[in-house]
Amino acid sequence: MSVRAMIGAGIALALVLAAGPAAAQPTAANAGQCTTSLIGTPLTLPKFSEATQRRLDQDIEIARAALRIAPDREDSHIWLGRRLDYAGRICDAVDAFTDGLKVFPGSYKLYRFRARDLTRARQFDAALADYSEALALMGDTPDSFEPDGLPNPIGLTISTYRGNIVYYHAQTSFATGDYQTVVDGMAKSLALSADFARDDMRVPTAYWTYIAYRKMGEHAKARAAIDAIEPGLKLIENDVYYQAVQIMQGRLKPADVGTTKDSTIKFAIAMERRFAGDEAGARALLAEIIAENAQGHWPAEAELSAPDRAPRR
């Protein structure tokens, strides 16, 4: 073990020991839909390798210890929720952020993170309300880069709080059938992106904009959205979305990605089947995406359970 690793391990152990016995696990009974998908299939915790699970569990205990030591710090609440999220404990994460909001009711950051997990817990209306509250609370506060808990390969943070709030509000609106809000929000989030990360944001925003326009029957606008993404982009972290967009463009064929299990790519293929009139093929692939993911896949679930959904006005 390197000296740096030994020091890090020592600090982690000290935090846990200093804080005393681990607190009881928070309940998630009212935090959302974390055991059953929108189509009624069971959801379970992800299965990680033994080493990864050990690291995730240790990160959670360190976060709990930090919270017990410094409950008056906003970050203590944020990182406990985020660590639970990374371990797949989505409803526990919702509870952790909710507890944090009792202490910091004006925290746009806690609202932002709770909203993301509310979406994953299939509480879409509550998630949208949280994103809206986060944006309102942020007001004219200068934007800042959001720390990555799972860094990209070069360790460079590319997204900001305001940009993520707007982006994920738009993405979650897909679940409620509010496709115009998807389109508008994706455009706004792209405009908020940093110059060095612009290409990385162009790709996922084009992906969701295309799907939203196709759902609205605006096929020319959908085509324009993805045709704007040129070949040969050098991206920092959104290469999977880039492959998916190229499938939508026709530059890649589904066969070109082989037997990929990546949900983003497979969802693009499933939606292309649906748009082409292959309803049986689309539904089969959407069901496959859900079955392959321990925690399901809410966009695929929404498409299977309510393909003709529309927002409540």
Side-chain angles (χ1 to χ4, degrees), residues 32-49 52-53 85-91 116-124 127 150 168 170-177 179 182 203-216 219 222 226 229 237-309:
Q33 191 168 328
C34 294
T35 59
T36 308
S37 75
L38 296 177
I39 61 169
T41 54
L43 304 177
T44 61
L45 289 176
K47 295 187 184 301
F48 300 104
S49 69
T52 297
Q53 187 64 61
D85 171 284
Y86 298 148
R89 294 167 57 179
I90 303 304
C91 284
R116 185 72 176 127
D117 280 312
L118 282 169
T119 298
R120 291 169 173 158
R122 295 148 183 85
Q123 300 295 305
F124 303 121
L150 299 171
Y168 286 118
Q171 186 190 68
T172 302
S173 296
F174 178 79
T176 64
Y179 305 119
V182 177
V203 175
T205 55
Y207 176 101
W208 287 106
T209 298
Y210 170 82
I211 293 175
Y213 271 136
R214 290 298 303 267
K215 292 286 289 185
M216 290 191 288
H219 305 312
I226 55 166
I229 305 299
E237 65 180 37
N238 279 323
D239 293 296
V240 168
Y241 266 114
Y242 194 24
Q243 281 187 285
V245 165
Q246 290 178 85
I247 287 171
M248 294 166 167
Q249 291 172 323
R251 290 191 176 124
L252 285 180
K253 303 298 182 187
D256 295 332
V257 296
T259 56
T260 181
K261 289 187 179 295
D262 185 86
S263 298
T264 300
I265 293 173
K266 293 182 78 166
F267 187 67
I269 296 170
M271 295 307 292
E272 286 297 282
R273 289 181 181 179
R274 171 159 282 173
F275 297 144
D278 180 9
E279 187 60 19
R283 292 183 66 84
L285 188 52
L286 291 168
E288 184 178 298
I289 294 168
I290 298 165
E292 287 177 349
N293 288 275
Q295 296 187 308
H297 184 267
W298 65 260
E301 294 168 34
E303 280 298 302
L304 272 181
S305 63
D308 299 320
R309 62 197 178 282

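No experiment lies behind these values; they were computed from the predicted model shown. One-based numbering along the sequence shown.
Counting only heavy atoms from C-beta outward, the side chains of Asp262 and Phe267 never approach each other to under 4.5 Å. When side chains are defined from C-beta on, Glu301 does not count as touching Gln33, because their heavy atoms never get closer than 4.5 Å. Side-chain contact between Trp298 and Thr119 is present, with at least one heavy-atom pair separated by less than 4.5 Å. Contact check for Tyr207 versus Ile226: no side-chain heavy atoms found under the 4.5 Å cut-off. Side chains of Met271 and Lys215 form a contact here, defined as non-hydrogen atoms less than 4.5 Å apart. Between Ile290 and Thr41 there is a side-chain heavy-atom pair separated by less than 4.5 Å.
Heavy-atom minimum distance, Pro307 versus Tyr179: O-OH, 4.4 Å. Closest heavy-atom contact between Ala244 and Thr264: CB-O, 4.0 Å. When all heavy atoms of Val182 and Phe174 are compared, the pair lying nearest together is CG2-N, 3.5 Å. For Ala282 against Ala270, the heavy-atom pair with the smallest separation is CB-O, 3.4 Å. Smallest separation of non-hydrogen atoms from Ala87 and Pro46: O-CD, 4.0 Å. Residues Val245 and Val203 come closest through the heavy atom pair CG2-O, 3.7 Å.
Not counting sequence neighbours, the partners of Thr44 by the side-chain contact (heavy atoms from CB on, under 4.5 Å) test are Ala294. With sequence neighbours excluded, the residues that form a side-chain contact (heavy atoms from CB on, under 4.5 Å) with Ser263 are Ile289, Asn293, His297. Taking Leu43 as the reference, Ser37, Arg122 meet the side-chain contact (heavy atoms from CB on, under 4.5 Å) condition, with sequence neighbours excluded. Checked against side-chain contact (heavy atoms from CB on, under 4.5 Å), Glu272 has the following partners two or more places apart in sequence or in another chain: Tyr210, Arg214, Met248, Phe275. Taking the side chain to side chain donor-acceptor pair (under 3.5 Å) definition, one finds that Ser305 meets it with nothing, sequence neighbours left out.
Using modelled atom types and a 3.5 Å distance limit, the side chains of Ser173 and Thr176 yield no donor-acceptor pair. Side-chain contact annotation: Trp208 with Tyr213, donor-acceptor N/O pair under 3.5 Å absent.
Atom CZ of Phe124 is separated from atom CG of Leu38 by 5.0 Å, given to the nearest 0.5 angstrom. Residue Cys91 holds its SG atom at 12.0 Å from CZ of Arg120, rounded to the nearest 0.5 Å. Atom-to-atom distance recorded for Leu252:CG and Ile247:CD1 is 6.0 Å, nearest 0.5 angstrom. Distance check: Leu118 CG to Ile90 CD1 gives 10.5 Å after rounding to the nearest 0.5 Å.
Test Ile269, Thr260, Leu285 against Pro254 for side chain to side chain contact (heavy atoms under 4.5 Å, CB included) and you get one pass: Ile269.
For residues 275-287, every residue pair satisfying the salt bridge (Lys or Arg N to Asp or Glu O under 4.0 Å) rule, not counting sequence neighbours, is listed here: Arg274-Glu279.
No donor-acceptor pair under 3.5 Å is formed between the side chain of Glu303 and the backbone N or O of Pro299. With Thr172 contributing its side chain and Tyr168 its backbone, the two residues share a donor-acceptor pair below 3.5 Å. Side chain of Gln53 to main chain of Lys47: no donor-acceptor pair is present (N/O by atom type, distance under 3.5 Å, no hydrogens or angles).
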**Worked check of side chain to side chain donor-acceptor pair (under 3.5 Å) between Arg251 and Gln243** = CA-CA 9 Å; Arg251 290 191 176 124; Gln243 281 187 285; over 6 Å; no

